[in-house]
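For clarity, every value in this text was computed on a predicted model and none was experimentally measured.
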Amino acid sequence: MSRKSAERRQSSNRSRSDRSAKQRRDVPPPSVPAGSVKQGVQWVTVDEDNHDQRIDNFLMARLRGVPKSIVYRIIRKGEVRVNKGRVRPDTRLHTGDQVRVPPVVRKEKPESPKPGSRVQGVVEAAVVFEDEQVLVVNKPSGIAVHGGSGLSFGLIEVLRASRPDSRFLELVHRLDRDTSGLVMVAKKRSALRFLQDELRHKRIRKCYHALVSGDWPDAIGRVEQPLLRYEMPNGERRVRVDAAGKASLTTFCCLSRYQGYSLVEASPVTGRTHQIRVHAAWAGHPIAGDDKYMDDASMKAFRALGGQRLMLHARSLEFRLPGTERSVRLEAAYDEAFDFVLRTLESRKAGQTV
């Protein structure tokens, strides 16, 4: 091949290479779907709160908005590393481990309304106990424990807003929105694991006070009926006694009797949804103000009495502080609406008028 031919071929190859490079530069990078954001590589040091946590759960907590399928895919492909080594989904983390979290695309979380200073003040004033691991709140009736189902925020979101420097705040257990009383919130993951394990092993004692319709008989000291959750045609969640349901046990003790009502102490041995409410209704004595399980005539009579809320209150709580042998017993006062109904009934019982 002549020298000129070789030079022409080299020039042609350079031209094609230059055109290819230009074309590659002109190709736009893969677009991020609208409403999503791309997060770069992160290196995270595992702290003591995440000690012994599975890597899949660790990632799902950090990558909120990323589908579970994506989380398991990046683990399977080896994109997630712990101390530079590949891992399995069930790999346990240890304090000080270095976790590589690869680039992911997550849905951009819409800006949600923040709790106002007034509701933050109400919730903070309701804290009845706090140490470095746990706090306990006397939750007001009408406040859900967490947001969702049309609610912008609940108790836990209010606490996080009022305590922006708190790294970890999670509910240990729940109360219905209209039930008032004591709720535990963990301030460390280790405390959350400990207290939830205590709940599973029934080592935490919870007592409720409920004003029920009618004269509660002393013969009913316990209700042990299986409970089944179901949905109404409108999507509302309900529970009923059903042989196909989960085993459930509530103990009851009558504290006071009034004209047409009884104040009882109820202790749920199991922790099913609406357990006390459904067991009381099954016994023929629904909780006053219960718009799900009380009949219309009884509800009308309760409203005429001045009742404005579900008369169920998580009165006392006894538990062991995480990592210690010290037990704590707390008691929560009734709110004004609950107390008003009881005072009204006491006055009628004494033959007086309010």
Side-chain angles (χ1 to χ4, degrees), residues 122 126 138-145 149 151 174-183 206-223 225 227 230 232 234 236-241 248 250-268 272-316 331-354:
V122 168
N138 182 6
K139 184 188 80 68
S141 174
I143 294 182
V145 290
S149 300
L151 299 173
R174 301 182 180 188
L175 287 181
D176 293 336
R177 179 179 179 179
D178 294 326
T179 302
S180 58
L182 298 173
V183 178
K206 295 188 288 183
C207 289
Y208 293 71
H209 283 190
L211 184 72
V212 301
S213 177
D215 188 355
W216 187 275
D218 290 331
I220 301 180
R222 55 191 281 138
V223 175
Q225 295 294 327
L227 299 178
Y230 68 99
M232 302 285 284
N234 63 0
E236 184 183 2
R237 183 183 62 179
R238 292 283 182 95
V239 178
R240 66 171 180 259
V241 170
S248 307
T250 308
T251 62
F252 289 93
C253 174
C254 187
L255 302 175
S256 300
R257 290 184 173 85
Y258 308 101
Q259 184 180 351
Y261 297 92
S262 301
L263 181 67
V264 301
E265 181 178 88
S267 298
R272 312 301 181 201
T273 301
H274 295 178
Q275 178 174 315
I276 297 174
R277 298 165 67 175
V278 178
H279 276 174
W282 179 87
H285 302 277
I287 297 176
D290 193 338
D291 59 3
K292 292 183 186 293
Y293 305 108
M294 192 179 212
D295 64 83
D296 292 342
S298 298
M299 180 66 80
K300 186 176 180 180
F302 175 65
R303 294 288 184 240
L305 184 69
Q308 299 295 324
R309 54 157 291 183
L310 173 71
M311 296 294 287
L312 180 61
H313 178 69
R315 177 70 165 181
S316 66
E331 190 167 291
Y334 304 137
D335 66 12
E336 185 176 346
F338 199 111
D339 195 51
F340 171 80
V341 173
L342 292 185
R343 285 189 287 108
T344 300
L345 291 170
E346 286 283 1
S347 297
R348 289 189 176 186
K349 185 177 179 180
Q352 301 172 354
T353 59
V354 176

Search all heavy atoms of [X] against all heavy atoms of [Y] and return the closest pair with its distance.
X: Ala266; Y: Phe252; value: CB-CE2, 3.7 Å
X: Ala280; Y: Ile287; value: CB-CG1, 4.1 Å
X: Gln308; Y: Phe302; value: N-CE2, 4.1 Å
X: Glu265; Y: His209; value: OE2-NE2, 3.9 Å
X: Ser262; Y: Gly214; value: OG-O, 2.7 Å
X: Met294; Y: Ser213; value: CE-CB, 4.0 Å

Are any side-chain N or O atoms of [X] and backbone N or O atoms of [Y], one a donor and one an acceptor, separated by less than 3.5 Å?
X: His279; Y: Gln225; result: yes
X: Asp335; Y: Pro140; result: no
X: Arg177; Y: Ile143; result: no
X: Lys300; Y: Asp295; result: no
X: Arg238; Y: Met232; result: no

Nearest-0.5 Å distance, [atom1] of residue [X] to [atom2] of residue [Y]:
X: Ser248; Y: Ile276; atom1: OG; atom2: CD1; value: 11.5 Å
X: Ile220; Y: Arg222; atom1: CD1; atom2: CZ; value: 13.0 Å
X: His313; Y: Cys207; atom1: NE2; atom2: SG; value: 11.5 Å
X: Gln259; Y: Asp215; atom1: CD; atom2: CG; value: 12.0 Å
X: Arg237; Y: Lys292; atom1: CZ; atom2: NZ; value: 7.5 Å
X: Lys206; Y: Ser267; atom1: NZ; atom2: OG; value: 10.5 Å

Pair Thr179-Arg277, side-chain donor/acceptor within less than 3.5 Å |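 No, because no side-chain N or O of Thr179 sits under 3.5 Å from a partner of the opposite role on Arg277.
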Row check, Tyr293 ring normal vs Arg240 NZ/CZ: under 6.0 Å, within 45° | no
Under the criterion side chain to side chain contact (heavy atoms under 4.5 Å, CB included), I'd like the reasoning laid out for Tyr261 against Val341: C-alpha separation, chi angles, the key distance, then a yes or no. CA-CA 11 Å; Tyr261 297 92; Val341 173; over 6 Å; no
For the residue pair Trp216 and His285, categorise the inter-ring angle as parallel (less than 30°), tilted (30 to 60°) or perpendicular (more than 60°).
tilted
- Message: I'd like to know if Asp178 and Arg309 make a salt bridge, using a cut-off of under 4.0 Å between side-chain N and carboxylate O.
- Response: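 A salt bridge is absent here (no side-chain N lies under 4.0 Å from a carboxylate O).
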Hey, is [atom1] on [X] packed in by over 12 heavy atoms from elsewhere, all under 6.0 Å?
X: Arg174; atom1: CZ; result: no
X: Asp291; atom1: CG; result: yes
X: Glu336; atom1: CD; result: no

| Can you check side chain to side chain contact (heavy atoms under 4.5 Å, CB included) on Glu331 and Arg315, steps first, answer last? | CA-CA 6 Å; Glu331 190 167 291; Arg315 177 70 165 181; 3.4 Å; yes
Starting from the C-alpha separation in whole Å, work towards a yes-or-no answer on side chain to side chain contact (heavy atoms under 4.5 Å, CB included) for Thr344 and Tyr258.
CA-CA 10 Å; Thr344 300; Tyr258 308 101; over 6 Å; no
With Arg272 as partner, the option from Leu227, Val278, Thr250 fulfilling side-chain contact (heavy atoms from CB on, under 4.5 Å) is Leu227
Exactly one candidate in Leu263, Asp290, Leu312, Val264 meets side-chain contact (heavy atoms from CB on, under 4.5 Å) with Val212; the answer is Val264
